Number of protein chains: 2
Amino acid sequence: MQRQQNLTKNQKIVLDIIEKSTEPLKAYSILSNVKRKGINAPPQVYRALDKLVDMGKIHKIESKNAFVACQNSNCKVSKAAAFSICESCEEVTEIDNSKISKYLSSFADKIGMKYKKYNLEFFGLCKKCK
Amino acid sequence: MQRQQNLTKNQKIVLDIIEKSTEPLKAYSILSNVKRKGINAPPQVYRALDKLVDMGKIHKIESKNAFVACQNSNCKVSKAAAFSICESCEEVTEIDNSKISKYLSSFADKIGMKYKKYNLEFFGLCKKCK
DNA sequence: CTTAATAATGTTATATTATTACATAGTGTT
DNA sequence: AACACTATGTAATAATATAACATTATTAAG
Ligand SMILES: [Zn+2]
Ligand SMILES: [Zn+2]
Ligand SMILES: [Zn+2]
Ligand SMILES: [Zn+2]
């Protein structure tokens, strides 16, 4: 098992709750929300999160230690992601990185790096809050 | 006190050790290295780190929970930073963001965001390791 | 079908990172 | 001196993440 599709039981549970959330979820918040579903301890959550990140199904917002579902089907391939984070309403939105990733990968070339993935987080005010 | 210049005692101690390091330092590693200098507890380190980040003297590598000295004098202004992180030798290098930040700020405009700062981390292999 | 290898799960304990809360001391202003 | 303000010191605890090991499920051979 454990190909692109076919999630395991715990992975399904964790992905499900992340997909239903309107905001990034933290590991222990996920844990407390799935205690009734047979997930009892941190390692079960963290293992599922790790795999889901590897598959590109979710992303970690590093500055928040929180996880969001991928809103952007091509992340499976590029393993790169970009987010805008509103400092007022806390809204986190995944940016369509098809254009940006082209620019950034050529930039990585220029500085002599063999680039595998990147993580980009914009902070500021979203449309509504600005 | 506490203008751009004129660091406080604890800020000087913390900045000094970060500047002397060839790799990103974690808060508790800093703490254990300055125990003999009158810094005894986490809040003293974290407070200094917070201020130094605000001033643009250091940056936090979010994916590593570690701190590096700014290698790039214009970060005081832009508050934005970009890094390449080698997954083999763990080398972290700050990228000169003068070009990249122009591109990214126009990108932020396009998506309707009032951008204040960004954090960009490239992962892959550095010149030496690739 | 049985067996062996592999992957996933369950569980306890612990490590690591970060903050809260409150007391104390310095600094500058009036 | 009295006050406001900033920085510091200290203890306790919260929040995030991993290590270690036992158990169960799944797959692939033989
Ligand atoms: Zn994505
Ligand atoms: Zn907003
Ligand atoms: Zn910098
Ligand atoms: Zn390297």
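No experiment lies behind these values; they were computed from the predicted model shown. Chain letters run A, B, ... following the sequence lines, proteins first, then strands; residues in each count from 1.
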> Which part of the nucleic acid does A:Lys37 contact within heavy-atom distance under 4.0 Å: base, sugar-phosphate only, or nothing?
Replying inline: nothing
> Could you give the CG-to-C1' distance, from A:Asp54 to C:dA8, as a whole number of Å?
Replying inline: 15 Å
> Quick one: is A:Lys26 getting a side-chain N or O under 4.0 Å of the D:dA15 phosphate, OP1 or OP2?
Replying inline: no
> Taking only N and O in the side chain of A:Gln44, is any of them less than 4.0 Å away from OP1 or OP2 of C:dT9?
Replying inline: no
>> One thing to verify: whether B:Glu62 and A:Lys64 come together as a salt bridge, which I'm taking to mean a side-chain N less than 4.0 angstrom from a carboxylate O.
In response: no
List every contact pair, protein side and nucleotides 12-14 of chain C side both N or O, where the distance is under 3.5 Å.
none

>> Quick check against the 3.5 Å criterion: does A:Glu94 have a side-chain atom that pairs as donor or acceptor with the backbone of A:Gln71?
In response: yes
> Within the pair A:Asn10 and C:dA8, is there a side-chain N or O less than 4.0 Å away from OP1 or OP2?
Replying inline: no
> For the pair made of NZ in B:Lys35 and C1' in D:dT10, what is the distance, rounded to whole Å?
Replying inline: 12 Å
> Rounded to the nearest Å, what distance is computed from the NZ atom of residue A:Lys12 to the C1' atom of nucleotide C:dT9?
Replying inline: 14 Å
> Between atom CG of A:Asp16 and atom NZ of A:Lys37, what is the distance when rounded to the nearest 0.5 Å?
Replying inline: 5.5 Å
> Tell me: CD1 of A:Ile30 to P of D:dA17, nearest whole Å?
Replying inline: 10 Å
>> Using a 3.5 Å distance criterion without hydrogens, assess whether the side chain of A:Ser105 forms a donor-acceptor pair with backbone atoms of A:Ser101.
In response: yes
> From B:Phe122 CZ over to B:Ser63 OG, what is the distance, rounded to the nearest 0.5 angstrom?
Replying inline: 13.0 Å
>> On the nucleotide C:dA18, are OP1 or OP2 found under 4.0 Å from the side-chain N or O atoms that B:Asn65 carries?
In response: yes
> How long is the line joining NZ of A:Lys64 and C1' of C:dT17, in whole Å?
Replying inline: 17 Å
>> Does B:Lys60 reach a base, just sugar-phosphate, or nothing at all? Heavy atoms under 4.0 Å.
In response: sugar-phosphate
> Looking only at side-chain N and O atoms, does B:Tyr46 come under 4.0 Å of OP1 or OP2 in C:dA18?
Replying inline: yes
> About how many Å separate CD1 of A:Ile58 and CG of A:Leu15, when rounded to the nearest 0.5 Å?
Replying inline: 7.5 Å
> D:dA20 P sits how many Å from A:Arg47 CZ, rounded?
Replying inline: 14 Å
> OP1, OP2 of C:dT9 versus side-chain N and O of A:Thr8: anything below 4.0 Å?
Replying inline: yes
> What's the CD1-P distance between B:Ile61 and C:dT17, to the nearest Å?
Replying inline: 15 Å
>> How many whole angstroms separate atom CD of B:Gln11 from atom P of C:dG26?
In response: 18 Å
> Would you say a side-chain N or O of B:Lys9 is under 4.0 Å from OP1 or OP2 of D:dG9?
Replying inline: yes
>> Heavy-atom count check: over 12 atoms from other residues, nucleotides or ligands less than 6.0 Å from A:Lys130 NZ?
In response: yes
